[in-house]
A.B. asks: 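Handing you this structure, nothing more for now.
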Amino acid sequence: MVGIRPERMTLEGGGQSIEVTVGHVEPTGAQSLLAVRCLGENATALINYHANLISGTSLSLKVSPEHIHVFDTDTGQRL
């Protein structure tokens, strides 16, 4: 199992690319909360500006490798 904090995903910059499909966009002022689908799973991203995205949009989110956390699916312990 993989965990990434929503605020660690961005639309720009370096790092690993994660292809997602936008399900819902919630503007929160200077940021936007994105409900996305990635590899058949639900995820949330918090991006640092107001996004004019619509449901069904495909995009590539970036995350630095040090912010990708791997967990044991049986125990829930971080590996």
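Since we're looking at a predicted model, the values are computed, not measured.
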A.B. asks: Please report the interatomic distance CG(Leu53) to CG(Leu11), rounded to the nearest 0.5 Å.
C.D. replies: 6.5 Å
A.B. asks: Might you point out which heavy atoms bring Leu61 and Ala45 nearest each other, and give the distance in Å?
C.D. replies: CD1-CB, 3.8 Å
A.B. asks: Indicate every side-chain donor-acceptor pair of residues 36-44 with a distance under 3.5 Å to a residue at least two apart or in another chain.
C.D. replies:
{"unit_1": "Arg37", "atom_1": "NH1", "unit_2": "Gly40", "atom_2": "O", "d": "3.3"}
{"unit_1": "Arg37", "atom_1": "NH1", "unit_2": "Asn42", "atom_2": "OD1", "d": "2.8"}
{"unit_1": "Arg37", "atom_1": "NH2", "unit_2": "Gly40", "atom_2": "O", "d": "2.7"}

A.B. asks: Would you check if Leu46 and Leu34 make a side-chain contact, meaning some heavy-atom pair closer than 4.5 Å?
C.D. replies: no
A.B. asks: Donor-acceptor pair, distance only, cut-off 3.5 Å: does the side chain of Ser55 make one with the backbone of Gly23?
C.D. replies: yes
A.B. asks: What distance do Asp72 atom CG and Arg78 atom CZ have between them, rounded to the nearest 0.5 Å?
C.D. replies: 13.5 Å
A.B. asks: I'd like to know if Ile18 and Val25 are part of one continuous hydrophobic network [Ile/Leu/Val/Met/Phe/Trp/Tyr, side-chain heavy atoms within less than 4.5 Å].
C.D. replies: yes
A.B. asks: Keeping the roles fixed (side chain from Ser64, backbone from His67), state whether a donor-acceptor pair exists under 3.5 Å.
C.D. replies: no
A.B. asks: Search all heavy atoms of Pro27 against all heavy atoms of Ser32 and return the closest pair with its distance.
C.D. replies: CA-OG, 4.1 Å
A.B. asks: Is any side-chain heavy atom of Val20 closer than 4.5 Å to a side-chain heavy atom of Leu59?
C.D. replies: yes
A.B. asks: Here's a test for you: under side-chain contact (heavy atoms from CB on, under 4.5 Å), which of Asp74, Thr75, Leu79 qualifies with Gln77?
C.D. replies: Thr75
A.B. asks: Using side chain to side chain contact (heavy atoms under 4.5 Å, CB included), reason through Ser17 and Lys62 one step at a time and then give a plain yes or no.
C.D. replies: CA-CA 5 Å; Ser17 292; Lys62 308 289 188 203; 2.8 Å; yes
A.B. asks: Say you draw a straight line from CD of Gln16 to CD of Glu66; how long is it, rounded to the nearest 0.5 Å?
C.D. replies: 10.5 Å
A.B. asks: So Ile4 and Met9, do their side chains get closer than 4.5 Å, heavy atoms only?
C.D. replies: yes
A.B. asks: Side-chain contact, heavy-atom cut-off 4.5 Å: Val63 with Ile68?
C.D. replies: yes
